[in-house]
Amino acid sequence: MSEPILSLAGVTKSFAGVRALVKGEIDLYPGEVTALIGENGAGKSTLVKILTGVHHADGGDIRFNGEPVHIGSADNAGRLGISAIHQEAVVFDDLSVAENIFVTDRPRKRGMVDWATMRERARVILAELDPRIDPRMPMRQLSVAQKHLVQIARALSNEARIVIMDEPTAALSHREVEELFTIVRRLKAEGRAILFISHKFEEIFDVADRFAVFRDGAAVGQGLIRDVSRDQLIAMMVGRSVDQIFPKTTVPIGEELFRVEGLSRGEEFADVSFGLKRGEILGVYGLVGAGRSEVMQAIFGLTRADHGEINLEGRRLTIKAPEDAIGAGIAYVPEDRQIQGGILRFPITSNIALPSLSHLSHKGFMRRSDERALAEDYVTQLQIKTSGVSQRLEELSGGNQQKVVIAKWLATNPRVLIMDEPTKGIDVGAKTAVYRLMGEMVAQGLGIIMVSSELPEVMGMADRILVMRRGRLRATFTRAEATPESIVKAATDA
Amino acid sequence: MSTLSSSVPTRRTTSKPFTWRRLLRWETLLGLVVIADFLLNTKLSPYFLSPWTLSDASFNFTERAIMALPMALLIIAGEIDISVGSTMAMASVLMGLVAKAGFGTPMVCVTGIVVGVFAGGINGVLVTVFRVPSIVATIGTLSLFRGIAYAVIGDGVLKSYKPDFAYFGQGYVWGPVSFELVLFAALAIVFAIVLHTTVIGRRIFAIGANPVAARLSGIRVDAYKFWIFVLLGAVSGLASVLLTSRLGSTRPSIATGWELEVITMVILGGISIDGGQGSILGVVLSALLIGLVTFGLSLLNVPGIVLAIVTGGLLIGVVALSSIVGYSGRRRRH
C-alpha cells in the first residue's frame with residue numbers, strides 16, 4: 001500500500017463563531033478515488049475550500065507527500081497540483097474553450113498570449129476527453145457535461161495530481177455520468193488522486209476505492225469501499241442518537257388545514273398535491289434541485305403556478321403575490337436567511353415588524369412603542385440572545401438570526417408556516433432550539449411544512465414525509481414507516 | 001454559542017434604535033460644517049448677515065433642494081434618476097407653449113407638473129416593468145427628454161408668461177422670506193414625516209436595504225419604486241415651474257447638469273448610494289451647506305468654474321469621510 005499524497009488531520013475552521021469543521025481528517029492516495037460522504041452541513045464544502053485555498057484552516061495538520069504544507073491561496077493549491085471541478089461548472093461563458101482551459105497560465109510568446117500554442121495544447125487535451133469540443137468554441141455553447149469536461153481539461157493542463165470533484169454528476173444524465181466515470185477511471189490509472197463528493201451511493205460504489213464520512217464537521221469513519229455496505233455508510237452519516245437532537249413532542253393532530261391540489265409550473269414541478277393537518281409537521285425531502293423550494297415559492301406567491309389550487313381551511317385562495325399569502329395566513333421562512341429572510345442592517349425591532357407593519361401603525365404612522373414591545377416579547381419567548389432589541393441583525397449569531405426570522409413570521413399570526421431548510425448553517429445547539437420552537441408552534445394549532453435536505457432532521461421532526469424527485473412527488477411516508485434507506489431510495493433515481 | 005441557556009432574562013437597553021444614533025452623528029457633523037461656513041461667510045462679507053442677502057442666497061439652491069427630497073427617497077429605495085434636469089427642460093418647454101397659446105398661469109403650472117408626472121412614469125415603467133437598470137433607463141431618458149425640448153423650440157426662447165406667473169420664482173411670502181423657501185421648508189417637513197414616521201417610509205428603507213427580503217415580507221417593491229419615480233417627476237415639474245418663473249423665460253438648455261447637483265446634495269446629506277440609509281434632515285443640511293458655500297464663494301467673486309471644483313471636492317471629501325465614519329459606526333458597543 002502506497003503512502004497518501006495528501007493527508008489532513010485535526011483540521012478546524014469556524015465562521016463567525018459557528019464551527020463548520022471540528023475534526024477534518026482525510027487521506028488521499030495516488031491512483032485511487034476517495035469518496036467524501038456526509039449530509040449538507042457536515043463540513044464537506046468547507047474541507048474542499050480549504051484544499052483549494054479559498055479558506056484558511058484555523059488549525060490542524062495538512063501534509064503533502066508527508067511534508068507539512070500551508071495551502072492558504074488558490075495559487076499555492078495550483079502549485080501543489082490540486083485542482084477542483086465544482087458542482088456548478090465554474091467557467092467563463094464568454095471566453096473560448098481554450099481560454100477557459102488555460103485560464104490561469106496562458107502560453108506566452110514575447111509577453112503576448114500565444115494563441116496558436118494554446119489552441120493546439122487544448123486540442124490535444126480535449127481529444128482524449130471529447131473530440132467534439134472545438135477549442136475555439138465559446139463556452140456558453142457547451143452542455144453542462146461538456147463544461148465539466150473543460151474543467152477536467154483545466155485540471156489536466158496544469159498536471160493536477162489531486163483532482164477534487166464536488167458533486168460533478170448532479171446535473172448530468174445517466175449516459176453523461178457513464179462517460180464521466182470512464183474519464184475518472186483513466187485519471188486514476190494515470191496515478192492521480194481523486195476526491196469524489198456525491199450523495200448518490202450507486203455512484204460511490206461504482207467508482208470509489210475508499211470512503212471518508214463526515215458528520216457535523218468531524219470525520220467519523222474512513223476505509224475501503226469494499227469493506228462497507230451502503231447501510232453502514234448511512235448509519236455513519238446519520239450517526240447520533242436521534243432523540244437528543246430532535247425534541248419531538250407528541251401533539252394531537254387535528255383536521256385538515258391546508259391543501260394543495262395539482263400544482264404545476266413549467267419545467268419546475270408538476271402535479272403536486274398534498275394536505276397539511278392542524279398540529280402536523282410535514283417534512284418535504286429531496287435532493288437539491290428536486291423542485292421543493294419552487295413549490296413553496298409558488299404557494300407563497302413569489303412565482304405563479306400554471307395550474308392547481310391552494311385551499312386553506314376549505315377556502316380556495318387566490319395568491320398572486322406574497323402579500324396575498326401573508327394576508328391569508330401563510331408564512332414563509334426562506335432558505336437563505338441573510339438574503340431572503342432578514343435585513344442585516346436593520347435592528348431586530350424593524351426586522352420582526354416588517355411583515356406586520358399595518359398592525360403596528362395607526363393611520364399609517366408607525367407606533368414605535370408597539371413595535372418595540374412586540375420585539376421584546378419575541379426576544380424573551382424565543383430566547384434570542386442579544387444585547388437589546390435595537391441590535392442589528394448582522395451582529396447576531398446564525399442561530400439567533402434564524403430565530404428573529406421565525407419571530408418575524410410568527411408575529412403575522414400564521415396558520416400555515418413554511419420553513420425552507422430551517423436549520424441550514426446553524427450549529428447543533430441552535431438547531432435543537434429551533435426544533436423545540438417548532439414543537440411549541442404546532443402545539444398551538446399551526447401546521448408546519450418543513451423543506452429539508454437533511455435526512456435526520458426530516459426523520460426526527462416530521463409527522464409525515466413527502467419525497468420529491470425531479471419536480472414530482474414520488475413517495476409519502478408516515479413517521480413510523482420511514483427509514484433512511486426508503487427515503488433516500490425515493491429521492492434518488494435508484 | 002449555545003442558545004439554550006434558557007430562562008436568563010434578556011437585558012433590555014433603553015438606548016434609541018441604532019439608526020438614529022448613526023444618523024445623528026452624521027447630521028451633527030454636517031450641522032457643524034454649516035455653522036462653520038456661516039461664520040466664515042460672515043467674516044468674508046459685512047453684508048452677508050443682512051436678511052435680504054440671506055434671502056438672495058437661498059435662491060441659489062432652493063429649486064435643487066426641493067428636487068433633492070424625492071431624489072433622496074428614490075436613492076434610499078435603491079434606484080436613481082439622472083433624467084431630472086431634462087425633465088425640467090421638457091416641462092418648461094411645454095409650459096412655454098401653453099403660455100404662448102394664451103392659457104393663464106394655473107394652466108401653465110398644471111402643465112409643468114403633468115409633464116413631470118409623465119416623465120417619471122416613463123422612468124418608472126422602464127425600471128419596474130421592463131427591468132432596465134435605473135441608471136441605464138434614465139441615461140436614456142436624460143437624452144430623450146432634453147432632445148424633445150430642443151426639437152420643439154430649437155434655439156428659440158419662449159417668454160409669453162403672464163405677469164402673475166413671476167410670483168412662484170420671485171415672490172415673497174413675508175418680508176424677505178421667499179415663496180420658494182417656504183415651499184422647500186414645507187415639503188422638507190412633509191418628506192421627513194413620511195420617511196421617518198410612517199409605514200410608507202419604513203417600507204422604502206426596507207426596499208433599499210434588501211429588496212428580496214422586502215418582497216418576501218409582502219411589500220409591493222415594484223409599486224413603491226414606480227410611485228417614487230412618478231413623485232420625483234412631479235417634483236421636477238414643480239421645480240421647473242419655479243425656475244421658469246424665476247427666469248421669466250424658457251430655453252431648451254434650462255437646468256442642464258442639475259441632476260448631478262441634486263444627486264450631490266443627496267449623497268452629501270448622508271444618504272447611502274447603496275440604498276436603505278439616510279435622513280431628510282441630512283439632505284436639508286447638505287442643501288444649506290452647498291448654498292452657503294457657493295454663495296460665500298460668489299461673495300468673493302470667485303468664477304463659476306471654481307465653484308464647480310469646490311462642489312466636486314466637497315462631495316468627494318465628505319463621502320470619503322462618511323465611509324470612515326461608517327466604518328467606526330459598525331464597531332460600536334459590546
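Computed from a predicted structure; not experimentally measured. Letters A, B, ... are given to chains in the order of the sequence lines, protein chains preceding strands, and every chain is numbered from 1. All heavy atoms count here, side chains included; hydrogens, waters and symmetry mates do not.
Atom CG of residue Leu263(A) and atom CD1 of residue Ile299(A) lie 6.0 Å apart, to the nearest 0.5 angstrom. Rounded to the nearest 0.5 Å, atoms CZ (Phe226(B)) and CG (Asp222(B)) are 11.0 Å apart.
Using a 4.5 Å cut-off between heavy atoms, Leu357(A) touches chain B through backbone and side chain atoms alike. Proximity to chain B (any heavy atom under 4.5 Å) is restricted, for Gln338(A), to the backbone atoms N, CA, C and O. With a threshold of 4.5 angstrom between heavy atoms, Thr412(A) does not approach chain B through any atom at all. With a threshold of 4.5 angstrom between heavy atoms, Tyr332(A) approaches chain B through side-chain atoms but not through N, CA, C or O.
Closest approach of Ile280(B) and Ala188(B) over heavy atoms only: CG2-O, 3.6 Å. Across all non-hydrogen atoms, the minimal contact from Lys225(B) to Ala77(B) is CE-O, 3.5 Å. Nearest heavy atoms, Thr138(B) versus Ile82(B): OG1-N, 3.1 Å.
Looking only at heavy-atom pairs under 4.5 Å with chain A, the residue among Leu216(B), Ile219(B), Asn210(B) that has the most is Leu216(B). Top candidate by heavy-atom pairs under 4.5 Å with chain A, chosen from Val212(B), Val194(B), Ile200(B), is Val212(B). Of all the listed residues (Lys363(A), His362(A), Glu371(A)), the one sharing the greatest number of non-hydrogen pairs under 4.5 Å with chain B is Glu371(A).
At a threshold of 4.0 Å, the pair Glu335(A)-Arg292(A) does not count as salt-bridged, since none of the basic side-chain nitrogens sits closer than that to a carboxylate oxygen. For Glu395(A) and Arg345(A), the salt-bridge test fails: no basic side-chain N is under 4.0 Å from an acidic carboxylate O.
Within residues 116-131 of chain B, no residue has a heavy atom under 4.5 Å from a heavy atom of chain A.
Partner of Thr423(A) under the side chain to side chain contact (heavy atoms under 4.5 Å, CB included) criterion, out of Met438(A), Lys431(A), Met450(A), Met461(A): Lys431(A) alone.
Remark: Phe184(B) engages no residue in a ring pair (Phe, Tyr, Trp, His ring centres under 6.0 Å) (not counting sequence neighbours).
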